[in-house]
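These notes are about the structure you will find just below.
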Amino acid sequence: MAKRGKWTTDDIPDLTGKVVVVTGGNSGIGFGAVKAVARKGADTILACRSPERGQAALDALKAEIPGAKAELMALDLASLASVERFATEFTERYSRLDVLANNAGIMVIPYGKTEDGFERQVGTNHLGHFALTGRLLDLLLSTPGARVVNVSSLAHKRAELDLDNLLYEKGGYGEWAAYGRSKLLNLLFTYELQRRFERAGIDAQALAAHPGFSASNLTGHMADRLYMRIALRIFNLIIQGPDGGALPTLRAATDPDATGGQYFGPGRLNETTGHPVVVEASDAAHDEADAKRLWELSEELTGVRFSALEAG
């Protein structure tokens, strides 16, 4: 049992026989999570957009953990076709899914659209993961005690939600605003998914996590600006590394005492660093009416329905 506030990877139970998917598992906190679960014996899938970076990460993983049971699978969350291909291939190859860690994301980028016409940050960070979870739902429901872990951010607390302009079709786009909105959507999705699990009497849990301030490659594109190169270099010297940033995700994914609907983040310095503990999301993240409407919009936009939960 972990001491209060001192949960570490040593507290992860044996995961032999478990199957874990980590989106964006080739770098940053995703790679930190991959290493930790692979070290505990899980069959680990690195779901990555770039085959080259994914293969480099897989090679590094197996060099560090020679016995790791891990493989690379292609997934581009900015493409609903890619999401469907991944889910189809995964379902053909695996008979269970114990943890789906929806970790991948993009951050603070100029306005653009995914191949399906969605604003890129909302389209990738929320809609891509919503569709992926729905495509894998049957496998999750057939795995006792399965968990879906959505990775959010402290940025959700400053987000403004406008469901009538979800994808900024009416303008008003801002790089930080869209990122914060996408992270708020991650939490609204988490809590609504947990409510639907409970109503259907499903033995599965939806949880969320955020890494606090953690070194990652999400801000890599911002280095095009001189002042950001200087700021990021200083920032990365004083914040926790990606392995530390992965701890909240890992606790949500593996702690036997964690329960559906919990949200984990670092326990020190206003949730910016430290061992993972249960933290509180904003009031907006708990708005059930917004969550229900977001769910309906997400189904309409992606064409993916969670029919098994409706039947329940």
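Remark: the Thr272 side chain and the Asn270 side chain contain no N/O donor-acceptor pair separated by less than 3.5 Å. Side chains of Ser182 and Asn125: a donor-acceptor N/O pair is present below 3.5 angstrom, by distance only. Side chains of Gln121 and Tyr111: no donor on one and acceptor on the other come within 3.5 Å. A donor-acceptor pair shorter than 3.5 Å can be found between the side chains of His129 and Thr23.
In this structure, Ser82 contributes its side chain and Asp76 its backbone to a donor-acceptor pair below 3.5 Å.
Taking the salt bridge (charged side-chain N to carboxylate O under 4.0 Å, His left out) definition, one finds that Arg135 meets it with Glu84, sequence neighbours left out.
Residues Asp98 and Arg96 are in side-chain contact: their nearest non-hydrogen atoms beyond the backbone lie under 4.5 Å apart. Residues Phe306 and Thr133 form a side-chain contact, since some pair of their non-hydrogen atoms from C-beta on lies under 4.5 Å apart.
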Could you walk me through whether Asp59 and Gln55 satisfy the side-chain contact (heavy atoms from CB on, under 4.5 Å) test, starting with their C-alpha distance in whole Å, then the side-chain angles of each, then the deciding distance to 0.1 Å, before giving a yes or no?
CA-CA 6 Å; Asp59 292 343; Gln55 188 60 53; 2.9 Å; yes

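Through direct or relayed side-chain contacts under 4.5 Å between Ile, Leu, Val, Met, Phe, Trp and Tyr, Val278 connects to Leu207, Phe264.
Around atom CZ of Arg196, more than 12 heavy atoms belonging to other residues, nucleotides or ligands sit under 6.0 Å away.
Remark: Arg181 is positioned above the aromatic ring of Tyr168, its terminal NZ or CZ atom under 6.0 angstrom from the ring centre and at most 45 degrees off the axis.
Looking at Arg305 and Glu296, no side-chain N of the basic residue comes within less than 4.0 Å of a carboxylate O on the acidic one, giving no salt bridge.
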Considering only distance and modelled atom types, tabulate donor-acceptor pairs under 3.5 Å from the side chains of residues 141-150, sequence neighbours left out.
| unit_1 | atom_1 | unit_2 | atom_2 | d |
| --- | --- | --- | --- | --- |
| Ser142 | OG | Asp138 | O | 3.4 |
| Ser142 | OG | Leu139 | O | 2.9 |
| Thr143 | OG1 | Leu97 | N | 2.9 |
| Thr143 | OG1 | Leu139 | O | 2.9 |
| Arg147 | NE | Gln205 | OE1 | 3.3 |
| Arg147 | NH1 | Ala252 | O | 2.8 |
| Arg147 | NH1 | Asp255 | O | 3.0 |
| Arg147 | NH2 | Asp255 | O | 2.8 |
| Asn150 | OD1 | Asn102 | ND2 | 2.8 |
| Asn150 | ND2 | Thr190 | OG1 | 2.8 |

